[in-house]
Amino acid sequence: MSRNAEVVVLALDADEVMEPLTRDDEKRTWRGRFEPIQSQWVGSFGIGWATEFERMRSRSGLLKHLESLSWPRPESVQVLIHDEEDDCFGLWMNHDGRLVEVPLPRTQRFHAPGPPNEDYPPSPGVLWRTDARLNLPEQTPRDCRDLRPAW
(Lines give C-alpha, C1' and ligand atoms only; values in the text may rest on other atoms or scores of the structure.)
Protein backbone atom coordinates (compact mmCIF):
# COMPACT_ATOMS: atom_id res chain seq x y z
CA MET A 1 0.00 0.00 0.00
CA SER A 2 1.30 3.42 -0.87
CA ARG A 3 0.85 6.30 1.52
CA ASN A 4 3.59 8.92 1.48
CA ALA A 5 4.65 10.52 4.72
CA GLU A 6 7.13 13.13 5.88
CA VAL A 7 8.93 12.85 9.22
CA VAL A 8 10.87 15.58 10.97
CA VAL A 9 12.97 14.94 14.08
CA LEU A 10 13.91 17.89 16.27
CA ALA A 11 16.34 17.35 19.14
CA LEU A 12 18.96 19.44 20.87
CA ASP A 13 22.62 18.35 20.84
CA ALA A 14 21.72 15.24 18.82
CA ASP A 15 24.15 15.40 15.87
CA GLU A 16 26.04 12.31 17.05
CA VAL A 17 22.85 10.33 17.73
CA MET A 18 21.29 11.20 14.37
CA GLU A 19 24.43 10.77 12.24
CA PRO A 20 23.96 6.98 11.72
CA LEU A 21 20.36 7.65 10.62
CA THR A 22 21.64 9.82 7.76
CA ARG A 23 22.85 6.65 6.02
CA ASP A 24 20.90 3.70 4.64
CA ASP A 25 21.07 0.59 6.82
CA GLU A 26 19.48 -2.68 5.75
CA LYS A 27 19.52 -3.95 9.36
CA ARG A 28 16.84 -1.45 10.47
CA THR A 29 13.16 -2.38 10.35
CA TRP A 30 12.42 0.92 8.59
CA ARG A 31 13.95 2.00 5.27
CA GLY A 32 15.38 5.35 4.44
CA ARG A 33 17.67 7.99 5.85
CA PHE A 34 17.33 11.41 7.40
CA GLU A 35 18.74 14.60 5.92
CA PRO A 36 19.86 17.46 8.18
CA ILE A 37 17.67 20.55 8.02
CA GLN A 38 19.88 23.53 7.43
CA SER A 39 19.09 27.15 8.06
CA GLN A 40 20.01 29.91 5.67
CA TRP A 41 22.03 31.35 8.59
CA VAL A 42 24.85 28.96 9.44
CA GLY A 43 24.74 27.80 13.04
CA SER A 44 21.34 29.27 13.83
CA PHE A 45 19.18 26.14 13.57
CA GLY A 46 20.73 22.75 12.90
CA ILE A 47 18.60 20.79 15.37
CA GLY A 48 16.43 19.03 12.81
CA TRP A 49 16.47 16.13 10.39
CA ALA A 50 13.84 15.13 7.84
CA THR A 51 12.95 12.14 5.69
CA GLU A 52 10.14 10.94 3.44
CA PHE A 53 8.57 7.52 3.20
CA GLU A 54 6.86 6.28 0.04
CA ARG A 55 5.23 3.17 1.46
CA MET A 56 3.68 2.20 4.77
CA ARG A 57 5.77 -0.95 5.25
CA SER A 58 9.02 0.98 4.82
CA ARG A 59 8.40 3.02 7.98
CA SER A 60 7.47 0.23 10.36
CA GLY A 61 9.48 0.36 13.58
CA LEU A 62 10.69 3.96 13.18
CA LEU A 63 9.35 5.28 16.50
CA LYS A 64 10.60 2.25 18.41
CA HIS A 65 14.05 2.78 16.89
CA LEU A 66 14.04 6.47 17.80
CA GLU A 67 12.96 5.57 21.36
CA SER A 68 15.94 3.23 21.71
CA LEU A 69 18.54 5.91 20.98
CA SER A 70 20.63 7.54 23.71
CA TRP A 71 19.48 11.12 23.35
CA PRO A 72 21.69 13.62 25.19
CA ARG A 73 18.59 15.72 25.95
CA PRO A 74 15.57 13.39 25.70
CA GLU A 75 13.21 16.11 26.89
CA SER A 76 13.92 18.02 23.69
CA VAL A 77 13.05 15.19 21.27
CA GLN A 78 10.07 15.97 19.08
CA VAL A 79 8.96 13.90 16.09
CA LEU A 80 6.59 15.49 13.59
CA ILE A 81 4.79 13.13 11.22
CA HIS A 82 2.59 14.09 8.29
CA ASP A 83 0.93 11.22 6.46
CA GLU A 84 -0.45 12.14 3.04
CA GLU A 85 -4.05 11.87 4.27
CA ASP A 86 -3.46 14.01 7.39
CA ASP A 87 -4.60 17.63 7.59
CA CYS A 88 -1.50 18.60 9.60
CA PHE A 89 1.61 17.19 11.23
CA GLY A 90 1.14 15.09 14.35
CA LEU A 91 3.53 15.53 17.27
CA TRP A 92 5.26 12.76 19.23
CA MET A 93 7.32 13.58 22.31
CA ASN A 94 9.46 11.59 24.69
CA HIS A 95 7.44 10.76 27.82
CA ASP A 96 9.06 8.33 30.27
CA GLY A 97 11.32 6.88 27.57
CA ARG A 98 8.55 6.36 25.01
CA LEU A 99 7.55 8.47 22.03
CA VAL A 100 3.86 9.16 22.45
CA GLU A 101 1.54 11.23 20.30
CA VAL A 102 0.66 14.50 21.96
CA PRO A 103 -2.94 15.58 21.32
CA LEU A 104 -3.09 18.84 19.40
CA PRO A 105 -5.96 21.28 19.87
CA ARG A 106 -8.74 21.00 17.30
CA THR A 107 -7.43 17.74 15.84
CA GLN A 108 -8.44 14.12 16.17
CA ARG A 109 -6.87 10.94 14.83
CA PHE A 110 -9.50 8.77 13.17
CA HIS A 111 -8.99 5.03 12.74
CA ALA A 112 -10.60 2.69 10.25
CA PRO A 113 -11.50 -0.81 11.41
CA GLY A 114 -8.51 -3.15 11.47
CA PRO A 115 -7.62 -5.22 8.39
CA PRO A 116 -8.79 -8.83 8.09
CA ASN A 117 -5.27 -10.20 8.64
CA GLU A 118 -1.65 -9.18 9.11
CA ASP A 119 -0.92 -9.27 5.37
CA TYR A 120 -1.80 -5.58 5.46
CA PRO A 121 0.59 -3.06 7.03
CA PRO A 122 -0.68 -1.36 10.19
CA SER A 123 -2.40 1.96 9.59
CA PRO A 124 -1.68 5.06 11.68
CA GLY A 125 -5.18 6.38 11.05
CA VAL A 126 -5.60 9.95 9.79
CA LEU A 127 -5.13 13.17 11.73
CA TRP A 128 -7.85 15.63 10.82
CA ARG A 129 -8.58 19.17 11.90
CA THR A 130 -11.93 19.07 13.68
CA ASP A 131 -12.54 22.76 12.98
CA ALA A 132 -11.98 22.46 9.23
CA ARG A 133 -14.15 19.46 8.31
CA LEU A 134 -17.93 19.47 8.27
CA ASN A 135 -18.62 15.74 8.23
CA LEU A 136 -16.23 13.94 10.56
CA PRO A 137 -16.66 10.17 10.64
CA GLU A 138 -17.66 8.25 13.72
CA GLN A 139 -14.57 7.01 15.55
CA THR A 140 -13.91 3.27 15.30
CA PRO A 141 -14.09 1.67 18.77
CA ARG A 142 -10.64 0.83 20.13
CA ASP A 143 -11.29 -2.92 20.18
CA CYS A 144 -12.08 -2.86 16.43
CA ARG A 145 -8.88 -1.03 15.39
CA ASP A 146 -5.56 -2.46 14.28
CA LEU A 147 -3.50 -1.98 17.45
CA ARG A 148 -0.13 -2.79 15.86
CA PRO A 149 2.21 0.21 15.85
CA ALA A 150 2.17 1.87 12.42
CA TRP A 151 5.39 3.73 13.02
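Keep in mind that this is a model prediction, so the values were computed, not measured. We number each residue from 1, following the sequence as shown.
Atom CZ of R106 has 12 or fewer heavy atoms from other residues, nucleotides or ligands within 6.0 Å. Atom CG of N117 has more than 12 neighbouring heavy atoms from other residues, nucleotides or ligands inside a 6.0 Å radius. Open room surrounds CZ on R33; 12 or fewer heavy atoms of other groups in view lie less than 6.0 Å from it.
You'll find the side chain of P20 stays beyond 4.5 Å of the side chain of D25, heavy atoms only. V77 places none of its side-chain heavy atoms less than 4.5 Å from the side chain of L10. Side chains of W128 and L136 form a contact here, defined as non-hydrogen atoms less than 4.5 Å apart. Residues H65 and S60 have side chains not in contact (no heavy-atom distance under 4.5 Å, counting atoms from C-beta outward). For the pair L62/T29, no side-chain contact is recorded, criterion being any heavy-atom separation below 4.5 Å from C-beta on.
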Evaluation steps, side chain to side chain contact (heavy atoms under 4.5 Å, CB included), between R142 and H111: CA-CA 9 Å; R142 185 160 176 76; H111 298 273; over 6 Å; no
So V79 and V8, side chain to side chain contact (heavy atoms under 4.5 Å, CB included) or not? Walk me through it. CA-CA 6 Å; V79 181; V8 176; over 6 Å; no
How far apart are the C-alpha atoms of D87 and L127, what are their side-chain angles, what is the distance that settles it, and do they pass the side chain to side chain contact (heavy atoms under 4.5 Å, CB included) test? CA-CA 6 Å; D87 285 342; L127 184 63; over 6 Å; no
L66 and V9: CA distance, side-chain angles, deciding distance, side chain to side chain contact (heavy atoms under 4.5 Å, CB included) verdict: CA-CA 9 Å; L66 293 173; V9 174; 4.1 Å; yes
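W49 places no side-chain N or O within 3.5 Å of a backbone atom of V7 that could act as its donor or acceptor partner. In terms of modelled atom types and a separation under 3.5 Å, the side chain of R145 and the main chain of T140 share a donor-acceptor contact. In terms of modelled atom types and a separation under 3.5 Å, the side chain of T107 and the main chain of R129 share no donor-acceptor contact. Listed for the E67 side chain is a donor-acceptor partner under 3.5 Å among the backbone atoms of L99.
In this structure, CG on D83 lies 11.5 Å from SG on C88, to the nearest 0.5 angstrom. Atoms CD and CD, from E84 and E54 in turn, are 11.0 Å apart once rounded to the nearest 0.5 Å. Atom CD of residue Q78 and atom CG of residue L80 lie 6.5 Å apart, to the nearest 0.5 angstrom.
When all heavy atoms of P121 and D146 are compared, the pair lying nearest together is O-OD2, 4.4 Å. Nearest heavy atoms, M18 versus F34: CE-CG, 3.8 Å. Among all heavy-atom pairs drawn from L12 and S76, the shortest one is N-OG, 2.9 Å. Smallest separation of non-hydrogen atoms from P124 and A150: N-CB, 3.4 Å. Shown here for F110 and P137, the closest heavy-atom pair between the two residues is CE2-O, 3.2 Å. Of all heavy-atom pairs between T22 and E19, the closest is OG1-O, 2.5 Å.
Looking at R31 and D24, no side-chain N of the basic residue comes within less than 4.0 Å of a carboxylate O on the acidic one, giving no salt bridge.
Classification of the F53-W151 ring pair by plane angle, with boundaries at 30° and 60°, yields perpendicular.
No continuous path of ILVMFWY side-chain contacts below 4.5 Å connects V126 to L63, so the two sit in separate hydrophobic clusters.
For E6, there are no salt bridge (charged side-chain N to carboxylate O under 4.0 Å, His left out) partners at least two apart in sequence or on another chain.
A side chain to side chain donor-acceptor pair (under 3.5 Å) check over residues 92-102, counting only residues at least two apart or in different chains, returns the pairs E101-R109.
With a 6.0 Å cutoff to the six-membered ring centre and a 45° limit on the axis angle, R59 does not count as a cation-pi contact of W30.
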